[in-house]
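Not measured: the values here are computed from a predicted model. The first residue in the sequence is number 1, and the count goes up from there. Start at 1 and go down the list; that is how both ligands and their atoms are numbered.
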Amino acid sequence: MKRTRVALASLCIGLAALAVQGRSVAQSEPYKVFDTRPVITEGPYLSALSDTSVSVMWMTDAPSHAKVRLHDDGNVREIEPQIDGLVPVGQRHVVTITGLAPGKRYSYEAVATRVVKLKPYWPDKGLSSSSPAATFTTFDPRQARVSFSVVTDTHEDTARIGRLMKLVDWSRTDALLHLGDAFHWLESEEQLWAKWLRPTVAAMGPGKPLLFARGNHELRGAYARQLAGYVPTPEGSYYYARALGPVHLMVLDTAEDKPDDTNVYAQLNRTAPYREEELAWLRGQVGSNGHFASAAFRVVAMHQGDWGWLPDNGAAWTALANQAGIDLLIAGHDHAFSYQPPDKVHAYHRLILGQDQLARVEATGRTLTVKVLTDKGAPVHTLTIPSRR
Ligand SMILES: [Fe+2]
């Protein structure tokens, strides 16, 4: 009898709880929602677009959680990130979209919802802000032609960035590729936006993607370890490949220019094992990637044209590039233009882009052309490579 009363009491408490829940849900929000919206202060912009994925990055003035609303032929998909089961709350937002169709046009809005106070239960919320709708088109391994614009070593000079961005024909370029050393070293989030991303994103807009190859200067400074959060890739890595129709583009990270045990790094660098992992990944591309095998051109883009500091001085990388039939290696780092045709040591064209120069790369199934211009638009060099395949 006593047990029955306890059971009945439990049932009543349970019903009461359900009733409370029901009342709360019936109201507009089951938690406190203040009349405050976040302001989108930076972006959104597209990072490391591929044929099936992209990372969208933006900032808000106040802690918020984020999602991307994706419009696809009248269907709406909302992509909300989670890390270890929790929705990230902060001012820097990254939403990676996967499962996209190649060569397809999408529109998107970046949406941020204010989190006023992150209490353990019943956090205080605010309202949402959305960016204006913007469109983008995924890359397509089968697209007939591709065009991308390349800059390098902008080194915090916003006037330089402005001059170069004006030379980009945005209606005809599929992507902006930055070959690294956007900075002298990394100190803060504001530096990252003020000295590079803000003027770059202003020119690029929310619909053209940025592809970034890390330079040696980007491994330095107190904020270097946070950089990946501002140039995110769907792969979560600074090295990646893109299937750009006739071009298989491999963006590499050449890391530092001095050995890990150089005193200036105070034993805080371990680039040697990192580069071994990267080389293993590159071997995988060469050995088993279908687009690599079929593409008319195999292009490597990276910061240091000599592969950066490596214990073997890059011998394994050069051997792999020769064996893999790489057509073009495009890099920066030297701050001056140079070009070397294939020779007995390097079986590929090597083009080093200067600091105040823009390269327009265009390729069809037959020809790859690199036009290098000064920051005033004067021609520096035109390289034309016929396909060997
Ligand atoms: Fe450099």
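The only member of I97, V54, V56 that meets side chain to side chain contact (heavy atoms under 4.5 Å, CB included) when paired with L70 is I97. Only one option out of R350, R298, R388 pairs with D327 in a salt bridge (charged side-chain N to carboxylate O under 4.0 Å, His left out); it is R388.
D181 contributes atom OD2 as its closest N/O/S atom to the Fe ion (ligand 1). Nearest N, O or S atom of H333 to the Fe ion (ligand 1): atom ND1.
Linking Ile, Leu, Val, Met, Phe, Trp and Tyr residues whenever their side-chain heavy atoms come within less than 4.5 Å leaves L353 and V168 in two separate clusters.
At least one N, O or S atom of N216 sits under 2.8 Å from the Fe ion (ligand 1). Put simply, D153 stays out of reach of the Fe ion (ligand 1), with no N, O or S atom under 2.8 Å from it. Taking backbone and side chain together, H217 holds no N, O or S atom under 2.8 Å from the Fe ion (ligand 1).
Contact check on R220 versus D257 returns a salt bridge, with a Lys/Arg side-chain nitrogen under 4.0 Å from an Asp/Glu carboxylate oxygen. Salt-bridge check for E235 with R242: passed, with a basic side-chain N closer than 4.0 Å to an acidic carboxylate O.
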